[in-house]
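Accompanying notes for the structure given below.
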Amino acid sequence: MTLIQRALARLSPLGLACAVLAYLAALHTAGLYHFTRGFLLTRTALDHAASPEDARPELARFDKAVVLVIDALRTDFLVGPTEGDASPFYHDVLGLPAQLTAAHPERSVLFDAYSDPPTTTMQRIKGFTTGSLPTFIDAGANFASTAVTEDSLVHQLMRAGKRVGFMGDDTWTLLFPEQFAPGLEHPYDSFNVEDLHTVDQGVIDHLFPYLHPSNTSQWDVLIGHFLGVDHVGHRVGPSSETMTLKLAQMNDVLARVVEQLPERTLLVVLGDHGMDQRGDHGGDGPLETSAGVWMYASDSLTTLPTERPAKINQIDLVPTLSLLLGMPIPFNNLGTVISALFSVDDLPRALEANAAQVKRYIDHYDGVMDRRALHKAYDAIVDSDPETMRAFLATTLGHLRTLWARFSLPRITLGALILFLTIPTTWSLYTTIRSTRAGWAPLVREILHVACYVGGLAGSIVGTIRGVYTREPAQAIAWAVAGFAVASQVGVVMTLARATVRSVWRDMSHATSMTGAMSFVWLGPVVLILHAVSFAGNSFIIFEDRVVLFFGATLALVPICKALAAPMPRLRLKILGFSVALAVLVRLIGSSTVCREEQQPYCRVTFYAHATTPVAPTTVLAMTLPVAWYLPSLLIHAFLAPSRANAGPAPFFLMKGLRAVLTAGAAYWNLEWAETWRGIQPARKPLIKLVKLWLARLTLGALSGGALYIWAQLPLNIQVKREAVADDQAEMMAPGAAAKPAAETRVIVYGFANSYGSSYLLFLTIPFAVLFFVSQPTAQLALAAGLVGILCHLEQVDAQRDATSMLAAFVPAGPGAFDIDNLPTQQPTFGEVAFLAVLAHLLFFATGHQAVLSSIQWKTAFIGVSTVVYPISPLLVAINTFGPFAVVALAVPLLAMWNVSPRPSGKVPIVADSLQAALGFMLYFSTCTFASALFSAHLRRHLMVWKVFAPRFMLSGVTLLVVDAALLLGVAFGVGRVAKTVKRTFKCDSV
């Protein structure tokens, strides 16, 4: 016996089930790692720096500069509406730049700057200081800014001995540590979205003393970064009186700056990005990428551009400011000097310096595939002709925007291969456990032994070869893991190929048999295939929220057909009633929507009060408290009472604990609304904020610190009573009660029939409560409907199983041999699991999300904290975004446990059935992930790849890992604890 076999032999059935899930999770991780390394582009930042000899001092026109960044300053905030009606909330409020441009066009100029997505603050600061382009994967780094290592305008100013002062958003000090002049650095926390004024006031308090004539000798360049406009957008949206007040404040600040601006000083006011109609940003919508820029000087500045406002790229500021201040252009810059800011005589020399710098960059950058074409464009420059130089710069930028780094096709292929092989591997394990059931453990031990032995051998060979070839240990390990993954999956599939085919054939045969004619076993796989294939079309991805709504409604209504074949009226009514209720709930959940840009004009926002505010509808706010209060009662009376499982700790746990937490969650968001309500007295707002802060801290602290521990110590939801029961009453005992005969009394165990499921349901309510708290009001209603929908699905499935079991027992044996007490338990089917997978997707969309970066609800990062706190803030955002998938994944084992009663001194295959259901759920998400990866890679040159396909793949990949972790937690902790408690109570093994 090998070491691996001995280790596997020591595992209990529960430990073995966890090993299977962990093995598949490791495969998914390996596949996603290699695929993303090849597909999600990362730009190579060259560590070269421009030489001082590259400076053109003859082009310098200013001695000093004041750069003011107004975060999220959209272009129309400066210039008014380009089309449509003007908004009284933000148009013509910040009117000084437009007024001065109209009055003094030679000294003032406005621009509409395109800010490359992702439109997050850190990436845009990098962009307009280095002149480089971001890549898709950069968006996730906005929470954790790291120092800029490439050449930048700030770096060049420091090298030239210029004194740079800074005040405002502390992202700058994280990106440029120790690069601002000592004593001139005044950072403020940047992520407290609820604070609309502290950062802005801090900038004001330091800016104007520096502008006083007695202090202008202390600095050469001042940088101020205001955050109020951005925070107002996130908090209440642009269409609000708060935005009007904030823009008016910025207008007053600019007026004071213009009055105090020193001579030969350039004022640059810019937005790092824009904001959409709700005040959010991060994606590539036209409102998000439209950033206003205003430049003003006391002397002549422009050559009067014909288009107003002139359209530029935001990165064009880098070479322009560099040359106007007499600095070398940063080495990695790809921007083009703004022609309007140079005289007719200076423009050719400025473009020549710009073109020479970009030529040096492409000569050193290995990621440029078609360097020959770019050299040809450079050689086409004729006698410092501005047009040919602009053509070269535009060609280079366009080329690198499309191809800023090389796709690694070997990595993409390897990752896709691993992800593909997880599908037959998971399916083989699923069918094996389904067909063997009680005897699954020995066979799975042998399968894992084959996988580890074959995979380990192949992995060591591949890793050694790769290590010798590259001499990089990290690369060797990565490729060794890939070799292990591919070889082990092939080994599993080959070992189980024959058994898998037989199992599939048996299921298909059963589907056409008399008792299985209405089983629709094909429906679940068909829905999965259609869902996966839909990722081939960008229109299906764009409208995926409608696609999964159709799938969910279909899967909910199909069981109505089964009601006709049920042998008892009670079962027919139960199947029919819960099917209709489930379909209604699915429709209600699907009515909560947020719209992505591409869905217009066929989408209407219902998640928020309207499309231009991040605030929930007032009617929804009014409904959250009643829903939070009565939801636990519904669980007790509608779903636990029929099996008498509302005994034991269930009433206290649900009616006291869960009710208190859900009510606190609803109250939190009502307080959030009250804090910005115009009718509230300003003096009351600090109290509201304090109450809201501590309500979140106490509630989330209790959930994370004590709820799971308390649940783990609880007994089963049963109640044992000794009652006198007449013999003629024995048949009329309550459902869910187990009785033992005695001389004059019977011992009745209430809740016996649902001992497994009712206890696990209490476990499920804990992560549900956490997600409920960190979700906005409309999402809370959708989640409540989702939880009720899960239980309706379980009751519907239970009724179908009862009908199938009764038919199976009745038909061959005849009426006389029918024994209702010994009906076999039914296994979960893939169709039952598929509905939960579809419901998880539906809840993701219904809770205010889309497969776009701009739908991330950043305000959840500040629940219970007044500023960004690591790792709490990113974790809260992750729970808000991916929590629906995790909670539904945790509910999957209930398909194996709901209304399943223990068998004292016997065995019930709870672990086997839970593992089978978990594998089916994992199969659904791994198939969707592979399909998304495949079509994203195949269409990597598609116009919509970074707008549609890549974000959907990222969502699929992260969701798969979340589902893997949730399933492992549910089986290891939830199922394990329930099985242990049942065994201790009834001496019943759960294999």
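Counting begins at 1 with the first residue of the sequence.
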From CA spacing to verdict: side-chain contact (heavy atoms from CB on, under 4.5 Å), Leu919, Leu24:
CA-CA 9 Å; Leu919 290 174; Leu24 292 172; 3.3 Å; yes
Is there a side-chain contact (heavy atoms from CB on, under 4.5 Å) between Trp898 and Val797 once you walk through the steps?
CA-CA 9 Å; Trp898 193 252; Val797 166; over 6 Å; no
Check: Ile423 main-chain N/O paired with Thr426 side-chain donor or acceptor under 3.5 Å:
no
Are any non-hydrogen side-chain atoms of Glu832 and Arg801 less than 4.5 angstrom apart?
yes
The ring pair (Phe, Tyr, Trp, His ring centres under 6.0 Å) partners of Phe973 (sequence neighbours excluded) come to Trp711, Phe763
Ser901 side chain near Asn754 side chain, heavy-atom distance below 4.5 Å:
no
Picking from Val661, Thr699, Leu703, what satisfies side-chain contact (heavy atoms from CB on, under 4.5 Å) with Val770?
Leu703
Between Thr765 and Leu762, the two heavy atoms sitting closest are OG1-O, 2.5 Å
If you look at every heavy atom in Ala556 and Gln796, which pair is closest and at what distance?
O-NE2, 3.4 Å
Does Leu836 reach the side chain of Leu895, with side-chain heavy atoms less than 4.5 Å apart?
yes
Please step through side-chain contact (heavy atoms from CB on, under 4.5 Å) for the pair Cys18 and Leu968, ending with a clear verdict.
CA-CA 6 Å; Cys18 295; Leu968 187 56; 3.9 Å; yes
Looking at every non-hydrogen atom in both residues, tell me the closest pair between Tyr760 and Pro893 and how far apart they are.
OH-CG, 3.4 Å
No-hydrogen, no-angle side-chain donor-acceptor test under 3.5 Å, Tyr23 and Thr425:
no
Looking only at heavy atoms, what is the nearest atom pair of Gly552 and Val838, with distance?
N-CG1, 3.5 Å
For Met922 and His28, which heavy atoms make the closest approach, and how far apart are they?
CG-CE1, 3.5 Å
Output yes when a side-chain donor or acceptor of Arg644 lies under 3.5 Å from a complementary backbone atom of Ile718, and no otherwise.
no
With sequence neighbours excluded, residues passing ring pair (Phe, Tyr, Trp, His ring centres under 6.0 Å) with Phe773:
Tyr668
Asp913 and Arg437: side-chain contact (heavy atoms from CB on, under 4.5 Å), yes or no, with the steps?
CA-CA 7 Å; Asp913 289 352; Arg437 205 178 188 186; 2.6 Å; yes
Would Phe925 and His841 count as a close aromatic pair, with their ring centres under 6.0 Å?
yes
Please state whether the rings of Phe830 and Trp427 are parallel, tilted or perpendicular, taking 30° and 60° as the class boundaries.
perpendicular
Kindly give the heavy-atom pair with the smallest separation between Leu27 and Ile418, and that separation in Å.
O-CG2, 3.5 Å
Side chains of Phe844 and Thr881 in contact at under 4.5 Å (non-hydrogen atoms)
yes
Side chains of Val892 and Leu967 in contact at under 4.5 Å (non-hydrogen atoms):
yes
State, with a plain yes or no, whether a side-chain heavy atom of Ile636 is found less than 4.5 Å away from one of Pro632.
no
If the plane angle is over 60° it's perpendicular, under 30° parallel, otherwise tilted; pick one for Phe882 and Phe885.
tilted
Is there side-chain contact between Asn646 and Leu654, with heavy atoms separated by less than 4.5 Å?
no
Check: Tyr750 main-chain N/O paired with Gln719 side-chain donor or acceptor under 3.5 Å:
no
Close side-chain approach of Val908 to Cys988, heavy-atom, < 4.5 Å:
yes
For the backbone of Ala660 and the side chain of Thr663, can you confirm whether one donor and one acceptor N or O come within less than 3.5 Å of each other?
no
